[in-house]
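Notes follow the structure.
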Amino acid sequence: MERKVRVRFAPSPTGPLHIGGVRTALYNYLFTKKLGGDMLLRIEDTDQTRYVPGAEQYIIEALEWIGIKFDEGVHVGGKCAPYRQSDRKDLYKQYADQLITFGWAYYAFDTAEELEVLRKQYESEKKNFQYDCNTRLGLKNSLTLSAEETEKQITSGNPYVIRFKFPANTEILVQDLIRGDVRMDSNLLDDKVLFKSDGMPTYHLANVVDDHLMEISHVIRGEEWLPSAPLHVMLYKAFEWEDTMPQFAHLPLLLKPDGNGKLSKRDGDRLGFPVFPLQWQDPKTQEISSGYRETGYFPEAVVNILAFLGWNPGTEQEMFTMDELIQAFSLDRISKSGAKFDLEKAKWFNHQYVLQKTAKEIAELFMPILKDKGINSSMEYVEQVCSLSKDRVNFVNELWEQASFFFISPDSYDEQVVKKRWKEDTPAHLQKIIEIIGNTDFEKQILHDTIISYIEQNQLNMGQIMNCLRLSLVGAAKGPDLFEIIMLIGKNETISRITKAINTIK
RNA sequence: GGCCCGUUCGUCUAGCUGGCCCAGGACGCUAGGUUUUCAUCCUAGAAAUCAGGGGUUCGAAUCCCCUACGGGCUACCA
């Protein structure tokens, strides 16, 4: 049976979406679009205690920035609406009840405190407590209580949860598109809570019910879900939805570049690179975490970086547009082991995109930064500056550091260069050059030739004069072609800067 | 502790159906070249005894087993 490909990205609004989540969304997107399928955004907010205001909006904005388009979802609607689990709350109970009716689940009345005591007790005996087929018969639930007692507990308003009843002695097979067949022994699995005492389903129930109702064909998610995949498989079986059970693909995790462990939200800016797509301010602590967007990464670059963290096309091509990625993507080229984020490579990718963009595109992004610095240059001028300088930076916001001299005369001069190049007779020669510039046609080639011939005629050291001239105009030994700079800043400014240098240095 | 997943240059990885691999590419690094500067760019180089040990085989990074290490999960969180 050919089924329409439908995937979903289903984050919890517990804070800013972390970059690993963005990658998961991206892989889902690439996969489904390659196959002409649908992409849905579902918000899994079944844990009211962890709800963070603004997080949902953040997720939507981040995904939009990165360039992932949704066919259905909280923000765009669709035939399976609503797409927010809290708005679907009333829907889940009947499914939990259905499971109970058919003996796949049971009510449990043990309080969190009671279970905690049990866990402590087991721990002190170096054992591990688990609510499972070995222990459930000794606990307070509808399996051990009589029907009347169970009924009484429920009607009297005592809090209860609904747990999945894992069958004993069963081997559960999870067929993973990335990892192959994974088998687990049902005796080792615990009876997970499906329905909480607050009337909300847990992830496991809501996830399976919604994926079924939304006709999801493939579940592509992080590897942290692999251990609970057997439960999900069993739920499909219990609901008799096996025919349309989605195929699973568990993605390798994104690891911390230093040390070990998976990259977490907590890592923040400790590692020198953002872990969030967009900047985020914690509504409670006001603490700000940097984002890729604000740091200066292009969304295309982030997509390219993320795509290569755990996947590769099998060719030598490294630069990919979103469309190219969609064409090239396939699940079987995803690696199995976790990937560490490489900051240097990330910068290199961004640099490649700076290179690719036109001076005009870069200028448009540089303009606001200039405004911030109090510079009011024309677009034409900024564009020319960018055309000369953009290849030298990884990020647009590094342009100021690299090209500020195009806008303001240097206030200081690199001491190293002064020490090495600025000699007794330098001012006199520069004075001559001022004259040359003043009296020669203000044209790049002519100016160049005239100054060079001056140097040659006087048998001067080329580097000496040229470097001092550069020092006067730029303030340091950096920047593009000297004559390009002169042409751009103009005759008067050039002369005034040289004069200023002569009067200032030494 | 238990269960599950993983392990090729510092990093991302190619290699998956065994010989073309004394392991290829990219980032980074080093050295040259271009640029009279810096950066870009170009070229070259160092860099993995394919986690270790056993098999299978004429032949293994590639197949099997064991061990070690790393990671994930083990909540009325997702």
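The basis for the numbers below is simple: all heavy atoms, side chains too, and nothing from hydrogens, waters or symmetry mates. Here is how names work: the chains are called A, B, and so on, in the same order as the sequence lines, proteins then strands, and each is numbered from 1.
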Give a yes/no answer on whether the side chain of [X] brings an N or O atom under 4.0 Å of OP1 or OP2 in [N].
X        : N      : answer
A:Arg221 : B:rG72 : no
A:Asn128 : B:rG2  : no
A:Ser335 : B:rU13 : yes
A:Arg179 : B:rC4  : no
A:Lys196 : B:rA78 : yes
A:Thr46  : B:rA78 : yes

Once you apply a heavy-atom cut-off of 4.0 Å, does [X] come out as touching a base, just sugar-phosphate, or nothing?
X        : result
A:Gly463 : base
A:Asn187 : nothing
A:Ser337 : sugar-phosphate
A:Gly222 : nothing
A:Lys262 : sugar-phosphate
A:Pro11  : nothing
A:Ile43  : nothing
A:Asp342 : base
A:Asp481 : base

Any-strand Watson-Crick or G-U partner of [N], both distances under 3.5 Å:
N      : answer
B:rC16 : none
B:rA26 : B:rU11
B:rC73 : B:rG2
B:rU34 : none
B:rU49 : none
B:rA61 : none

Separation of [X] atom [atom1] from [N] atom [atom2], in whole Å?
X        : N      : atom1 : atom2 : value
A:Lys336 : B:rC16 : NZ    : P     : 13 Å
A:Leu255 : B:rG10 : CG    : C1'   : 15 Å
A:Phe341 : B:rC27 : CZ    : C1'   : 12 Å
A:Asp185 : B:rC4  : CG    : P     : 9 Å
A:Tyr107 : B:rC76 : OH    : P     : 19 Å
A:Ile172 : B:rC73 : CD1   : C1'   : 15 Å

Taking the cut-offs as 6.0 angstrom to the six-membered ring centre and 45 degrees off its axis, would you call [X] and [Y] a cation-pi pair?
X        : Y        : answer
A:Arg163 : A:Tyr131 : yes
A:Lys140 : A:Phe109 : no
A:Arg333 : A:Phe329 : no

Euclidean distance for [atom1], [N] against [M] (whole angstrom):
N      : M      : atom1 : answer
B:rA47 : B:rG28 : C1'   : 11 Å
B:rA61 : B:rU7  : C1'   : 12 Å
B:rC22 : B:rC27 : C1'   : 25 Å

- For RNA chain B, whose closest nucleotide is more 5', that of A:Leu188 or that of A:Gln402?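 Closer to the 5' end of RNA chain B: A:Leu188.
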- RNA chain B: A:Trp348 or A:Ala339, which has the more 5' nearest nucleotide?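 By nearest-heavy-atom nucleotide position, the 5'-most residue is A:Ala339.
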- What about A:Lys478, does its side chain sit under 3.5 Å from the base of B:rA39 through a donor-acceptor pair?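 No, no donor-acceptor pair under 3.5 Å.
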- Electrostatic pair A:Glu223:A:Lys262 at N-O distance under 4.0 angstrom: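 Result for this pair is no, no salt bridge flagged.
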- Would you mind checking if A:Arg119 and A:Glu123 are paired as a salt bridge, meaning a charged N to carboxylate O distance below 4.0 Å?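 The answer is no: the pair does not qualify as a salt bridge.
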- Message: Checking A:Gln130 against A:Asp132: is there a side-chain donor and acceptor pair closer than 3.5 Å?
- Response: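 Present: a donor and an acceptor within the cut-off.
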- Please determine, by modelled atom types, if A:His429 and A:Tyr454 share a side-chain donor-acceptor pair under 3.5 angstrom.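 Side chains of A:His429 and A:Tyr454: pair found under 3.5 Å.
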